[in-house]
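Written out below as structure tokens is the structure these notes cover.
Nothing fancy with the numbering, it's 1 onward along the sequence. In listed order, ligands and their atoms are each counted from 1. Worth saying up front: this structure is predicted, and the values here are computed from it rather than measured.
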Amino acid sequence: MDADHDRHVKKAKKARATSEKASRQALPLRQRQRLIDASITALHLYGPTGTTVARVVAIAKLSPGIVRFYFRSKAAMLVAALQFLATEFEERVVTPVVALREHPALALQRLVELYLDPEIASPRKVAVWYAFWGEASARQEYLAICGQKDANFAALVHDLIDRMIVSSGRRHLDSEAVALGLIGVLEMLWQGFAFEDEVNIDRALARRRCMAYLRSVFPREFSALEGGAGAVTRGMQDNPDEERDRVFRGAWQFAGHDQDVPGSGDFASLDLVATRVLVVRDAAGTVRAFRNACRGLPHALVTARRGHFADGRIACTVHGLSYGLDGRALPPREGAGLLELDVHRSRGLIFVRSPAAARRWPEPDLAGVDDAGDCVPVPDSAEWSMTVAADWKIVMRTLLDARSPDTSTSAGRWRFLWPNLLVKQGPGVLSIVQVLPAGPGCSCVQQFEYEALAADSQVRVQNDRARGLSRTQLERELAFTASTQQGETDPDYRADSSVTPSPAASDFLRMLLDAEY
Ligand code: FES
């Protein structure tokens with residue numbers, strides 16, 4: 001017992017000593033980085049000539065003597081600061097773009113985003129680059145670092161433009177001139193940033209200007225990327241399994257409303273992307289979600305849209321397996337229960353997600369939507385779904401364009417929830433449209449509605465009428481998406497570069513690109 005105790009004490013002492021040693025070793029690195037950060041701030045405020053050791057240590061809140069410990073001279077400290085910026089630029093701009101080299105249009109789009117990113121192109125950092133350029137002719141070290149960074153960047157842009165020319169077949173273009181043009185646009189924007197406060201910088205506008213330049217040179221490629229779902233759609237259509245994993249597996253999918261399962265034993269079932277979902281309110285009143293599949297064979301355990309498990313059992317009639325409302329096998333057997341899904345509830349809505357997803361998307365943002373707890377689902381007969389001969393991404397883009405999610409009307413405001421959901425709260429009614437991929441070039445569109453319990457008969461009649469109208473509108477939009485899908489196959493079609501998607505559709509397309517890479 002004593003020997004055990006001694007061993008334990010020795011081990012704890014050793015662990016403490018190791019941790020103290022690591023902390024001591026990390027201290028110089030932390031202090032050096034503080035001096036570098038302070039140098040960048042001082043360079044921004046006073047320029048290279050006005051930056052003194054006294055000013056740097058004052059900003060870093062360190063003693064003046066400490067500089068000598070880490071740097072031979074003020075010049076060495078400033079070179080280290082510039083080197084830090086160059087390394088950051090290399091790691092956060094050049095490397096991710098190089099990784100996309102095989103997809104030059106995507107790579108250039110990412111390059112523009114990263115080059116203008118507020119972390120890289122903050123007024124503080126940009127001002128430092130330009131301050132050093134002013135001194136570059138005087139100091140060889142500065143020239144070497146600035147020059148190397150610019151040479152690497154120019155070579156990368158040149159390479160991507162070369163690839164664009166080859167893939168687009170526009171061999172008459174002069175790649176060096178086009179690359180110089182893009183670098184010039186980016187440089188001009190950086191110069192503007194250097195003399196502005198962050199609050200006055202319109203980064204979205206800056207990005208649009210760069211993309212407009214690229215679109216003017218490669219209209220088809222960048223119109224498709226920026227203005228149409230075409231390039232994105234085509235790129236991902238070929239591999240629906242991969243798309244399901246990247247986009248849907250880790251995304252929250254709408255699976256129902258609290259009022260679909262108001263009491264213990266109530267259930268609602270719904271088919272989602274590659275998953276049938278069974279939402280159940282268990283004996284303790286907790287809302288749970290399972291894959292709606294028996295563990296014997298993966299057929300649907302429950303086929304009714306809504307219902308109630310009267311005896312607290314979820315039974316499969318094929319071989320007699322049964323499960324409790326908590327999903328456990330009855331009688332209990334380890335590892336034999338229903339496969340459970342993650343559940344997220346917000347404003348009365350129930351969302352589910354695979355617990356095994358490698359990438360997890362954020363929770364749906366329903367800020368501004370009232371808690372729709374006091375409402376009831378419209379009868380099953382009033383729910384609606386339709387199969388459409390169009391890829392789900394074309395459907396989403398069309399709906400986002402047509403329904404102006406960013407503007408409010410008296411009928412409410414549509415909001416987009418990544419990746420495939422539109423939610424609108426109108427007077428006395430909550431409407432949800434969910435778009436599910438059903439195969440290459442094919443989607444299933446579902447529409448759900450929940451009506452306020454307090455709605456009087458007049459409001460209900462109005463809602464019925466509005467439902468009919470909105471369904472007619474939706475059907476028209478879906479016919480349009482099928483026609484768009486068909487048009488996508490025309491190899492000679494050219495998009496008009498002046499037509500741009502709505503901001504919500506642009507966000508959707510950008511998130512798709514983000515999901516793909
Ligand atoms: S398939 Fe359900 S019990 Fe066999």
Could you tell me how the ring of His344 sits relative to the ring of Trp252: parallel (under 30°), tilted (30 to 60°) or perpendicular (over 60°)?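 Geometry flag for Trp252 against His344: tilted rings.
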
What class does the angle between the rings of Phe89 and Tyr115 fall in, given that below 30° is parallel, 30 to 60° is tilted and above 60° is perpendicular?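 Rings of Phe89 and Tyr115: perpendicular, over 60°.
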
How about Gln473 and Glu477: does a side-chain donor come under 3.5 Å of a side-chain acceptor?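 A pair is found: one side chain offers a donor N or O, the other an acceptor, under 3.5 Å apart.
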
Centres of the Phe290 and Tyr323 rings: under 6.0 Å?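 Distance test on ring centres: not under 6.0 Å, no.
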
So do the side chains of Gln109 and Arg207 get within less than 4.5 Å of each other, counting heavy atoms only?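 Yes, side chains in contact.
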
Tell me which residues fall inside the under-4.0 Å heavy-atom shell around ligand 1.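 Shell around ligand 1 (4.0 Å, heavy atoms): Cys294, Gly296, Leu297, His299, Cys316, Val318, His319, Gly320, Leu321.
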
Residues which pass ring pair (Phe, Tyr, Trp, His ring centres under 6.0 Å) with Phe480, listed by chain and number, not counting sequence neighbours: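 Checked Phe480 against ring pair (Phe, Tyr, Trp, His ring centres under 6.0 Å); zero matches.
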
